[in-house]
Amino acid sequence: MEKKPVMLKIDQVQCHNENYATLFFNHGIEFIPGQFVMLWLPEIDEKPYTVSFHSKERFGVTVEAKGRFSQRAVALKPGDLVGVRGPFGNGFSFDAHANVCFVAGGCGIAPLAPMIESVPGSKTIIQGARSDDYLLFKDRFSGSDVHYCTDDGSFGQKGFVTDALADAMANNMFDMVYTCGPEVMMKKVFDLCEANSVRCQISLERYMRCGFGVCGACVCGKERVCVDGPVFESQQIRTLDDFNKKALLKSGKAVTLNDYFSWRSA
Amino acid sequence: MEKKPVMLKIDQVQCHNENYATLFFNHGIEFIPGQFVMLWLPEIDEKPYTVSFHSKERFGVTVEAKGRFSQRAVALKPGDLVGVRGPFGNGFSFDAHANVCFVAGGCGIAPLAPMIESVPGSKTIIQGARSDDYLLFKDRFSGSDVHYCTDDGSFGQKGFVTDALADAMANNMFDMVYTCGPEVMMKKVFDLCEANSVRCQISLERYMRCGFGVCGACVCGKERVCVDGPVFESQQIRTLDDFNKKALLKSGKAVTLNDYFSWRSA
Amino acid sequence: MNVNFLGKQLKSPTVLASGILGNSFDILERVHGAGCGIVTMKSIGPAPRDGHNNPTVIDLGHGLINAVGLPTPGFRHMDEEWEDLEKRDFPLSASIYGGSVSEFVEVAKFVAEKGPDFIELNISCPNSAKHGMLFGTNPESSFDVVSAVKRVTGQIPVIPKLTPQALSIGEIAKACEEAGADALCAINTAGPGMLIDIESRKPILAYKKGGLSGQMIRPIAVRCVYEICQQTTLPVIGLGGVTTGRDAVEMIMAGATLVGVGSAVKSRGIDVFSTITRELAQWLEDHGTTLEEIRGAAHG
Amino acid sequence: MNVNFLGKQLKSPTVLASGILGNSFDILERVHGAGCGIVTMKSIGPAPRDGHNNPTVIDLGHGLINAVGLPTPGFRHMDEEWEDLEKRDFPLSASIYGGSVSEFVEVAKFVAEKGPDFIELNISCPNSAKHGMLFGTNPESSFDVVSAVKRVTGQIPVIPKLTPQALSIGEIAKACEEAGADALCAINTAGPGMLIDIESRKPILAYKKGGLSGQMIRPIAVRCVYEICQQTTLPVIGLGGVTTGRDAVEMIMAGATLVGVGSAVKSRGIDVFSTITRELAQWLEDHGTTLEEIRGAAHG
Ligand SMILES: Cc1cc2nc3c(=O)[nH]c(=O)nc-3n(C[C@H](O)[C@H](O)[C@H](O)COP(=O)(O)OP(=O)(O)OC[C@H]3O[C@@H](n4cnc5c(N)ncnc54)[C@H](O)[C@@H]3O)c2cc1C
Ligand SMILES: Cc1cc2nc3c(=O)[nH]c(=O)nc-3n(C[C@H](O)[C@H](O)[C@H](O)COP(=O)(O)OP(=O)(O)OC[C@H]3O[C@@H](n4cnc5c(N)ncnc54)[C@H](O)[C@@H]3O)c2cc1C
Ligand SMILES: Cc1cc2nc3c(=O)[nH]c(=O)nc-3n(C[C@H](O)[C@H](O)[C@H](O)COP(=O)(O)O)c2cc1C
Ligand SMILES: Cc1cc2nc3c(=O)[nH]c(=O)nc-3n(C[C@H](O)[C@H](O)[C@H](O)COP(=O)(O)O)c2cc1C
Ligand code: FES
Ligand code: FES
């Protein structure tokens with residue numbers, strides 16, 4: 001079957017703060033938490049975004065305004081058309097009756113949110129951002145054990161999510177830690193998990209083209225982030241040499257993550 | 001789905017006489033009596049043939065040796081490969097509890113035979129050929145009311161199937177007459193049916209290419225024999241101007257049936 | 001859904017592709033009755049020709065491959081058909097081909113006298129080594145054949161049919177426009193391709209190679225129509241893979257004035273013409289727009 | 001299933017197509033591990049290049065359309081990758097392109113020093129207006145670039161990759177053979193095609209046009225390989241739509257020595273290489289025959 005972008009009308013735009021907005025579409029998609037869609041703005045570009053809200057007939061995508069594409073995306077209005085391909089990727093996996101912890105940095109809460117909502121039973125959520133204003137979905141997970149951290153202490157605990165995770169691990173035997181956020185943060189989370197023999201799932205980002213495992217733009221080590229990922233488990237992460245080290249630019253050039261995350265600002 | 005010829009191994013060749021042979025294949029096809037397949041002999045040609053034997057896992061095709069293709073076809077041996085596309089065409093239709101008559105001339109018994117076998121209840125069969133030797137499937141329909149005619153009287157009644165049909169009609173109220181054979185014979189059968197207000201189904205032959213209604217090679221009036229036919233009912237036959245009159249040669253030239261059935265001998 | 005095309009009023013923007021069904025008056029009339037705006041005859045050549053042996057047409061699922069090989073009674077041997085066609089009450093396009101400019105002219109002159117509404121020049125058929133291929137892949141020879149034909153066809157509009165095999169179909173289109181073409185038709189089959197049966201180890205088509213048509217070539221056809229409309233202002237019959245009303249919209253947004261339909265007769269039946277017209281009209285209505293407004297919209 | 005190709009022993013007759021996955025050492029190694037005989041790198045160009053914006057690759061169901069636009073770090077900016085690749089234990093083909101003969105030569109000379117097992121010349125990429133297209137559609141320019149590259153690549157076999165857009169791919173093949181090519185690879189993507197989104201009225205690919213690949217182009221690829229093998233005696237990597245072992249058999253019967261695999265990675269995963277190899281071996285066993293015996297069998 002043809003898988004061209006399907007043009008969907010934006011039903012609602014929820015502005016979380018001046019940099020974050022969620023675009024909602026009244027459209028059913030088959031979806032596993034952690035999967036992403038490719039959003040196309042005609043004549044601009046097409047980029048991958050995690051599905052951050054999902055119900056039978058509706059889904060949402062939360063965008064952080066950073067560059068050329070995302071700034072336009074957050075400025076869209078209800079009624080505007082956006083092309084959608086997907087969902088793509090493997091999504092998170094889950095064992096029933098597990099005691100799980102979610103660790104999100106900034107926009108990293110986006111892929112975790114539908115997972116949090118779909119996992120039954122006891123769960124710990126650790127969510128961080130630079131400041132109060134950047135904390136997404138604040139009332140969304142009421143009922144769960146939620147810990148907030150901000151870099152500036154403007155909401156919740158002052159400090160990093162990794163500190164909060166270390167604390168939580170001291171008091172809990174987690175079966176699985178799910179994390180998404182800046183790669184350096186995920187690396188620290190993973191290291192903590194390894195030290196405590198806790199399994200971990202991370203969600204990676206790389207430059208993407210096809211979204212279905214053919215073009216090789218998104219490779220991280222020997223894995224294709226678009227189909228082998230974006231979610232990777234401890235066992236894979238251990239052999240994922242490029243994790244928190246290397247990424248390919250649009251040209252295919254391999255660079256450090258620092259260079260990768262700044263090239264586009266040029 | 002791709003519909004290239006499928007190469008099937010001939011399981012058995014049954015020679016009926018020096019000119020007729022049936023090729024059997026151990027292969028299941030979805031089939032309605034009256035439908036045909038395209039047989040391909042690599043580097044020779046591909047031609048349409050009615051399915052004359054059919055069971056769940058086996059079918060047969062009866063070929064009269066006439067020209068370049070059919071002479072090679074009857075000379076094939078078990079183990080030889082033949083390409084098969086299809087089945088194609090509409091097939092005969094049938095109302096339960098009808099009192100039906102089958103009228104076959106020569107190889108025209110081929111499409112009728114699986115129909116005869118699939119129709120329950122009382123049926124009359126009138127089968128003709130030039131001589132005893134050319135009468136196909138002689139013991140196949142035991143239990144039915146079978147009338148044989150030969151041009152030379154070497155088996156059954158001496159004379160034409162149309163005479164036998166007139167007799168049968170005098171004694172029966174048929175709901176439907178199914179007929180296949182030379183077009184001039186089918187025309188006579190149809191006229192008899194019309195005169196007696198009996199519905200009729202004929203099975204036509206025309207030069208074919210695609211077999212699925214696109215190329216137009218097989219048109220008879222405004223009907224495509226390959227998909228609208230090869231079976232036509234009284235209502236259609238009445239408006240089928242070219243029936244027993246005109247056919248298109250391979251070049252697309254419209255000619256009389258006499259010319260049509262002799263051009264290939266050149 | 002009335003459309004005006006080169007001064008003729010059509011009941012639908014759909015056109016029957018040449019070589020699809022168009023073998024006789026009765027079937028052409030039926031296709032018109034099934035909602036088709038212009039019916040095109042099977043390409044008519046200079047001399048009687050049987051075409052290739054079978055297999056000639058194979059269904060690939062996402063399209064067809066064919067090497068029918070330009071069978072034709074020959075333009076002089078169709079008296080009965082011409083007589084029937086004179087009595088028609090539907091817009092008719094006569095597709096013609098030749099192996100040389102003078103053959104094209106000979107056929108065109110004769111055919112023009114029979115009074116078809118349009119004459120299509122098949123300068124693009126890939127199924128015959130001698131006939132046509134060269135013309136449509138080269139701007140000069142395209143110019144030559146079109147201008148020569150125009151000299152003998154009087155008022156009857158001439159519509160060259162182009163091949164996607166041309167390195168620059170836009171240049172061919174421009175050459176045709178300069179030669180006086182009244183409209184263009186694009187595209188003929190793509191490829192060519194070959195199928196090999198691995199059991200018998202033989203090419204399946206008797207002619208070995210065949211042209212590709214149907215859904216799988218639609219992106220090629222859309223690109224060709226788009227490029228042609230960048231280079232000329234002639235009306236274009238956009239043909240190649242059109243199967244649904246949405247496909248027709250796409251073709252029209254690429255710049256087509258009418259949409260041709262061929263292989264889709266397989267998947268959607270002869271009524272495909274009224275079906276596509278209805279779907280197209282519905283789409284326009286749903287979007288509060290018109291044919292004129294969406295024509296070439298993708299160039300914007 | 002061992003095969004000898006230009007003196008190298010391969011573990012499989014399958015080849016990873018250029019531009020599929022081949023962006024880094026790790027993934028090339030993985031593809032080799034998945035049963036691939038020769039892995040080809042993404043085409044390397046003379047200067048850093050981002051390629052086109054997205055959308056660049058769209059799944060059409062029966063194949064893909066892409067206009068990635070030849071992104072490349074540029075041959076001088078891949079030090080780390082060259083280092084990794086030196087340590088490889090698998091047969092590697094480096095695909096290169098240039099916008100002129102001298103650029104081809106510059107890249108080829110540098111790349112040859114890095115010691116790939118083969119150098120593939122992408123004289124056929126349709127996604128860049130400047131780069132390559134002209135070479136592969138014209139016998140003279142094909143000859144020029146191949147002979148110039150051969151002068152600077154020493155013992156490393158040079159494999160021009162041809163485009164189905166050439167009017168006669170057989171002639172291009174002959175020109176390459178005369179210029180000293182060691183083998184040929186056919187085909188690059190077909191078309192090109194265009195998709196228009198009818199809601200936004202815009203071409204979907206950012207570059208508007210893109211090359212077609214995958215199952216729908218297999219008949220074109222088979223025809224091209226067949227024609228090439230009629231005109232040259234060079235070994236051919238048959239590429240285009242190969243998805244199953246039966247497809248590989250068809251390509252080999254058309255005359256291919258090895259079979260390339262690209263788009264099928266989508267439908268059958270990275271293991272497609274071992275899967276095709278296994279299916280091919282099984283087919284040969286079932287038919288009591290060998291690769292050598294079926295090669296070119298359809299020409300018989
Ligand atoms: C699987 C996947 C899921 C994603 N999900 C989301 C999501 O849910 N929400 C969301 O906002 N984004 C998400 N992204 C990132 C998104 O695709 C874009 O890369 C991002 O929106 C920036 O695009 P841009 O064109 O606006 O910025 P660009 O013009 O490309 O860059 C602008 C600035 O953003 C920074 N930047 C660019 N890319 C990244 C990055 N990947 N990570 C951190 N900083 C970056 C650069 O430093 C640069 O200064 C996801 C990416 C992937 C691969
Ligand atoms: C729907 C359909 C079903 C058919 N089913 C059968 C079948 O079950 N068995 C069978 O033997 N044939 C059948 N045919 C006819 C068959 O397809 C060939 O036309 C026939 O076998 C002659 O082919 P040829 O190449 O051997 O003869 P050609 O070389 O084409 O011609 C040889 C001679 O046969 C005569 N001839 C050719 N075609 C016909 C014809 N259609 N009717 C009568 N005489 C003809 C010509 O007068 C010529 O002298 C069917 C045709 C159609 C359209
Ligand atoms: C069986 C067949 C026969 C054809 N014969 C002709 C022909 O005689 N003349 C011609 O100009 N085009 C011929 N064509 C090409 C079609 O007119 C059309 O250009 C092509 O099939 C693409 O349109 P489609 O994808 O809608 O089929 C033929 C196509 C097919 C499938
Ligand atoms: C996404 C994508 C990128 C490609 N990039 C290149 C390339 O950089 N160089 C090249 O020579 N061919 C490139 N190709 C063409 C393939 O190598 C191959 O020739 C074509 O896809 C046909 O093979 P397939 O049908 O098996 O995919 C690319 C194809 C695709 C689908
Ligand atoms: S985006 Fe193309 S392989 Fe991942
Ligand atoms: S054989 Fe082609 S339409 Fe009937």
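First the proteins, then the strands, lettered A, B, ... as listed; each starts at 1.
In this structure, chain C has no heavy atom under 4.5 Å from any part of D/I252. D/L60 touches chain C through its side chain: at least one heavy atom from C-beta onward sits under 4.5 Å away, while N, CA, C and O do not.
Using non-hydrogen atoms only and a strict 4.5 Å limit, the part of residues 239-250 of chain C facing chain D consists of C/R246, C/V249, C/E250. Within residues 217-229 of chain D, the residues approaching chain C closer than 4.5 Å by heavy atoms are, in numerical order, D/P219, D/I220, D/V222, D/R223, D/Y226, D/E227. Contacts with chain D (heavy atom to heavy atom, under 4.5 Å) involve these residues of residues 280-300 of chain C, listed by number: C/W283, C/H287, C/T289, C/E293, C/I294, C/A297, C/A298, C/G300.
Residue pairs meeting the ring-ring contact (aromatic ring centres under 6.0 Å, His included) criterion with at least one member in residues 232-268 of chain D, sequence neighbours excluded, do not occur.
When each of C/M216, C/K208, C/K202, C/M251 is scored by its heavy-atom pairs under 4.5 Å with chain D, the top score falls to C/M216.
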